[in-house]
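Okay, structure first, notes after.
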Amino acid sequence: MKTRATMPALLLAGTMAMAGTSAAEANIVKEAYLGAGVMPWSYEGSGEDVDAIGGRLVGGVMFNDYLGVEAHFGWMGEDDSGNDRTVELDSVDSVLLRLNRPLNETFDVYALAGFSSVRMVLRPFTIAGTDEAPSDSGVSFGAGSQFRFAEDFSVAVDAVSYLSEPDYDFMAVSASLRWHF
């Protein structure tokens with residue numbers, strides 16, 4: 001299971017490494033960005049249906065005004081399920097293609113599509129119970145918008161369906177501050 005969770009991170013690292021080495025020569029990357037923000041999420045699976053607030057890191061590159069790749073790394077947030085256990089987000093790891101549409105110099109809208117791996121932790125309230133760690137991976141999609149309020153900084157809001165599998169749905173809305181370089 002850990003191999004499935006690290007695969008998106010390895011793909012992004014390889015893509016960024018290849019783009020970084022040739023970017024100076026071929027000018028492939030227009031800009032790169034890093035960001036962090038809050039991520040209210042919703043999980044439905046394993047007999048649970050909970051909502052909580054976690055955090056998310058974002059990193060990406062834009063190859064031109066219309067095409068980019070970004071990675072999402074989410075974690076944290078827990079809620080009591082009402083079934084005598086706590087549901088906690090262990091991790092969400094994603095690599096997503098970003099199709100971008102600039103509306104003017106400061107405002108963009110975008111669509112995201114890619115691959116994600118999500119791992120939850122279900123902890124019983126009693127000491128006699130054992131933790132469960134349901135995880136799954138699959139296709140992700142979403143949409144968002146970004147407002148650039150300074151040359152190197154922007155605020156982005158997006159909604160992503162990270163996983164929608166039988167008995168495993170994980171969705172999140174996120175607001176993040178991003179630094180462009």
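- Side-chain contact between F73 and D93 is present, with at least one heavy-atom pair separated by less than 4.5 Å.
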Original post:
Going through the distances and angles, do R119 and E132 end up as a salt bridge (charged side-chain N to carboxylate O under 4.0 Å, His left out)?
Top reply: CA-CA 10 Å; R119 180 181 164 102; E132 293 179 46; over 6 Å; no
**OP:** Could you check W179 against D152 for side-chain contact (heavy atoms from CB on, under 4.5 Å), going step by step and ending with a plain yes or no?
**Re:** CA-CA 6 Å; W179 171 55; D152 294 336; 4.0 Å; yes
**OP:** Go through E165 and D167 one step at a time and tell me if the side-chain contact (heavy atoms from CB on, under 4.5 Å) criterion holds.
**Re:** CA-CA 6 Å; E165 301 290 331; D167 197 39; over 6 Å; no
**OP:** Let me see the working for V61 and E31 under side-chain contact (heavy atoms from CB on, under 4.5 Å), right down to the final yes or no.
**Re:** CA-CA 6 Å; V61 295; E31 74 175 4; over 6 Å; no
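- The closest side-chain heavy-atom distance from Y66 to R101 is below 4.5 Å.
- The side chain to side chain contact (heavy atoms under 4.5 Å, CB included) check on E48 picks up Y43, S81, N83, R85, V87, L122, with sequence neighbours excluded.
- No continuous path of ILVMFWY side-chain contacts below 4.5 Å connects M171 to M120, so the two sit in separate hydrophobic clusters.
- Partners of S164 according to the side chain to side chain contact (heavy atoms under 4.5 Å, CB included) rule, which considers only residues two or more places apart in sequence or in another chain, are S161, D169.
- Under the 4.5 Å side-chain heavy-atom criterion for grouping Ile, Leu, Val, Met, Phe, Trp and Tyr, V160 is connected to L163 within one hydrophobic cluster.
- Between T86 and D80, the side chains place a donor N or O and an acceptor N or O closer than 3.5 Å (distance only, hydrogens not considered).
- No side-chain N or O of E44 forms a donor-acceptor pair with one of Y168 less than 3.5 Å apart.
- The nearest pair of heavy atoms linking G59 to L34 is CA-CD2, 4.0 Å.
- Within the 4.5 Å cutoff, side-chain heavy atoms of H180 are placed close to those of Q146.
- The closest side-chain heavy-atom distance from L89 to V118 is below 4.5 Å.
- Residues passing the side chain to side chain contact (heavy atoms under 4.5 Å, CB included) test with N104 are T106, F107, sequence neighbours excluded.
- Summarising the geometry of G77 relative to A52, their closest heavy-atom pair is C-CB, 4.0 Å, with the distance given to 0.1 Å.
- A donor-acceptor pair shorter than 3.5 Å can be found between the side chains of S116 and S94.
- In this view, Y110 satisfies the ring pair (Phe, Tyr, Trp, His ring centres under 6.0 Å) rule with no residue, not counting sequence neighbours.
- A continuous path of ILVMFWY side-chain contacts below 4.5 Å connects F153 to V155, so both sit in one hydrophobic cluster.
- By the 4.5 Å heavy-atom criterion applied to side chains, L67 and L99 are counted as neighbours.
- For the pair L112 and F141, the minimum side-chain heavy-atom distance is 4.5 Å or more.
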Subject >> Stepwise side-chain contact (heavy atoms from CB on, under 4.5 Å) check, Y162 with H72 >> reply: CA-CA 10 Å; Y162 287 103; H72 296 181; 2.8 Å; yes
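- Counting only heavy atoms from C-beta outward, the side chains of M39 and V92 approach each other to under 4.5 Å.
- No chain of hydrophobic side-chain contacts below 4.5 Å, direct or via other Ile, Leu, Val, Met, Phe, Trp or Tyr residues, connects V69 to L96.
- S174 OG to L57 CG: the interatomic distance, rounded to the nearest 0.5 Å, is 10.0 Å.
- Between D51 and D79 the shortest heavy-atom distance is O-OD2, 3.3 Å.
- Under a 4.5 Å side-chain heavy-atom criterion applied to ILVMFWY residues, the cluster that includes V157 comprises that residue alone.
- Residues V173 and W75 do not share a hydrophobic cluster, defined by chaining ILVMFWY side chains whose heavy atoms lie under 4.5 Å apart.
- With salt bridges taken as basic N to acidic carboxylate O contacts below 4.0 Å, none links R178 and D108.
- With sequence neighbours left out, the ring pair (Phe, Tyr, Trp, His ring centres under 6.0 Å) criterion links F149 to no other residue.
- Aromatic rings from W41 and F170 are positioned such that their centres are separated by under 6.0 Å.
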